[in-house]
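Working notes for the structure below.
One is the number of the first residue; the rest follow in order along the sequence.
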Amino acid sequence: MRWVVIKSKYGISEENYNQMLAEQHGGCAICGRKQRGKKHIYLYVDHNHITGQVRGLLCCSCNSAVGQFRDDPALLRRAIEYLGMVQFG
């Protein structure tokens with residue numbers, strides 16, 4: 001059932017997913033984390049919400065973070081700049 005939903009929603013097959021997973025060395029495209037479900041590696045299919053184009057596979061944390069920044073590179077750059085300015089300790 002999972003592959004039917006992924007194919008319908010994102011237009012990629014199980015083989016496409018597995019190829020992306022192999023190209024990403026089995027981990028998240030951003031942090032590299034390998035996220036396992038009960039029976040398989042489970043990463044979210046990340047896509048551009050305007051064009052629908054699939055970008056890669058992300059762990060839950062990175063997928064949520066990208067979504068919270070509304071897929072906006074300028075907003076992400078501002079967050080990076082902010083983190084660079086913050087003094088810790």
Side-chain angles (χ1 to χ4, degrees):
M1 184 66 176
R2 175 177 186 231
W3 300 114
V4 172
V5 172
I6 289 175
K7 177 72 172 174
S8 170
K9 192 169 183 179
Y10 305 109
I12 64 170
S13 66
E14 181 177 1
E15 292 77 25
N16 298 137
Y17 181 98
N18 289 330
Q19 181 179 355
M20 284 192 292
L21 188 62
E23 289 169 1
Q24 294 178 198
H25 306 289
C28 173
I30 295 175
C31 72
R33 179 177 172 207
K34 293 172 174 58
Q35 186 167 322
R36 288 200 160 273
K38 291 181 181 179
K39 296 183 180 179
H40 53 79
I41 295 172
Y42 183 77
L43 295 171
Y44 293 88
V45 178
D46 177 51
H47 66 288
N48 181 306
H49 289 94
I50 296 169
T51 67
Q53 181 180 10
V54 172
R55 294 184 284 224
L57 305 174
L58 301 179
C59 70
C60 183
S61 296
C62 290
N63 188 55
S64 295
V66 168
Q68 291 297 317
F69 282 103
R70 300 181 300 277
D71 294 355
D72 185 343
L75 194 54
L76 283 165
R77 279 191 287 279
R78 286 176 54 195
I80 292 165
E81 290 170 11
Y82 168 79
L83 289 173
M85 294 186 309
V86 174
Q87 298 295 317
F88 295 98

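- Taking Ile, Leu, Val, Met, Phe, Trp and Tyr as members and joining any whose side-chain heavy atoms lie under 4.5 Å apart, directly or through other members, the hydrophobic cluster of V66 also contains I30, L58.
- Y10 is linked by a ring pair (Phe, Tyr, Trp, His ring centres under 6.0 Å) to H47, counting only residues two or more places apart in sequence or in another chain.
- Here CZ of R55 is found 12.0 Å from CG of L57. Values are rounded to the nearest 0.5 Å.
- Here CG of L76 is found 11.5 Å from CD of E81. Values are rounded to the nearest 0.5 Å.
- Looking only at side-chain heavy atoms (C-beta outward), D46 and V54 stay at 4.5 Å or farther from each other.
- Here I6 contributes atom CD1 and W3 contributes atom CH2; the two are 4.5 Å apart, rounded to the nearest 0.5 Å.
- Side-chain atoms of S8 do not come within 3.5 Å of backbone N or O of V4 as any donor-acceptor pair.
- Atom CD of E23 has more than 12 neighbouring heavy atoms from other residues, nucleotides or ligands inside a 6.0 Å radius.
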Subject >> Intermediate values then yes/no, side-chain contact (heavy atoms from CB on, under 4.5 Å), I12 and M20 >> reply: CA-CA 10 Å; I12 64 170; M20 284 192 292; 3.4 Å; yes
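- The CG atom of L43 sits 7.0 Å away from the CD atom of Q24 when rounded to the nearest 0.5 Å.
- To the nearest 0.5 Å, atom NZ of residue K34 and atom NE2 of residue H25 are 8.5 Å apart.
- Note that CD1 of I80 is 10.5 Å distant from CG of L75, once rounded to the nearest 0.5 Å.
- By the 6.0 Å and 45° rule, R2 does not stack over the aromatic ring of Y42.
- Between the side chains of Q19 and E15, no donor-acceptor pair of N or O atoms lies under 3.5 Å.
- When side chains are defined from C-beta on, C31 counts as touching C59, because their heavy atoms get closer than 4.5 Å.
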